[in-house]
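From a predicted model like this one, the values you see are computed outputs, not experimental measurements. Just so you know, residue 1 is the first one in the sequence shown, and it goes up from there.
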Amino acid sequence: MISVKVVKENGKYRKVTILGHAMYDDYGKDIVCSACSSIATTTVNGLLSLDSQCISYMVSRKGMSIDVKSTDETTQKLIHNMVSLLKELEGNYPNNIEVK
């Protein structure tokens, strides 16, 4: 199962950690993993194209960690959009992804 942990401080997103494998299908064929990766990667690339300092991130074989450095409205809205999309994915595949 993919585990998404969202950390907020004072109502602002501060960190998002995405770990694990959905186990929906074999590696390379898993549509839930693919969707999750696409959502996160698109968000990270979009944020960095607007402000290269607004986040920092790390990708490993286990997953991705995003540290939100900026509390500006655009950064927060894009992170919120990412979390909303991941929650929607969770609603469709509750046995494969969990957002906390």
Would a distance-only check, ignoring hydrogens and angles, find a side-chain to backbone donor-acceptor pair under 3.5 Å from [X] to [Y]?
X: D72; Y: T75; answer: yes
X: N10; Y: K12; answer: no
X: D30; Y: D25; answer: yes
X: Q76; Y: S70; answer: yes

ring-ring contact (aromatic ring centres under 6.0 Å, His included) pairs, two or more places apart, involving residues 30-71: none

Of all pairs that satisfy ring-ring contact (aromatic ring centres under 6.0 Å, His included), the ones with a partner from residues 26-49, not counting sequence neighbours: H21-Y27

Residues in side-chain contact (heavy atoms from CB on, under 4.5 Å) contact with [X], at least two apart in sequence or another chain:
X: S84; result: H80
X: S3; result: K100
X: N95; result: none
X: A40; result: I18, M64, M82

Considering all heavy atoms, the nearest C33-A22 contact: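 Closest heavy-atom pair between C33 and A22: SG-N, 3.2 Å.
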
Result of checking L19, I39, V99, L89 against V4 for side chain to side chain contact (heavy atoms under 4.5 Å, CB included): V99

Contacts of type side-chain hydrogen bond (donor to acceptor under 3.5 Å, both in side chains), residue T17, not counting sequence neighbours: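 Partners of T17 by the side-chain hydrogen bond (donor to acceptor under 3.5 Å, both in side chains) criterion come out as none, since no residue qualifies.
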
Partner set under side-chain hydrogen bond (donor to acceptor under 3.5 Å, both in side chains) for Y93, not counting sequence neighbours: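 By the side-chain hydrogen bond (donor to acceptor under 3.5 Å, both in side chains) rule, Y93 matches no residue at all.
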
Partners passing salt bridge (charged side-chain N to carboxylate O under 4.0 Å, His left out) against K77 (at least two apart in sequence or in another chain): E73

Any residue meeting salt bridge (charged side-chain N to carboxylate O under 4.0 Å, His left out) with D67, in chain and number order, not counting sequence neighbours: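 Here the qualifying residues are K15.
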
Is it possible for you to say whether [X] and [Y] belong to one hydrophobic cluster, with membership spreading through side-chain heavy-atom contacts below 4.5 Å?
X: L48; Y: I66; result: yes
X: M23; Y: I97; result: no
X: L86; Y: I31; result: yes

Steps toward side-chain contact (heavy atoms from CB on, under 4.5 Å) verdict (I79, L47): CA-CA 9 Å; I79 294 292; L47 284 165; 3.6 Å; yes

Within residues 31-56 or reaching into it, pairs that qualify as side chain to side chain donor-acceptor pair (under 3.5 Å) - sequence neighbours excluded: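 Sorted result for residues 31-56: empty, none.
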
Worked verdict on T71 versus R14 for side-chain contact (heavy atoms from CB on, under 4.5 Å): CA-CA 8 Å; T71 58; R14 301 307 297 165; 3.3 Å; yes

Salt bridge (charged side-chain N to carboxylate O under 4.0 Å, His left out) pairs, two or more places apart, involving residues 79-95: none

Pairwise side-chain contact, L78 with L50, heavy-atom cut-off 4.5 Å (strictly under): yes

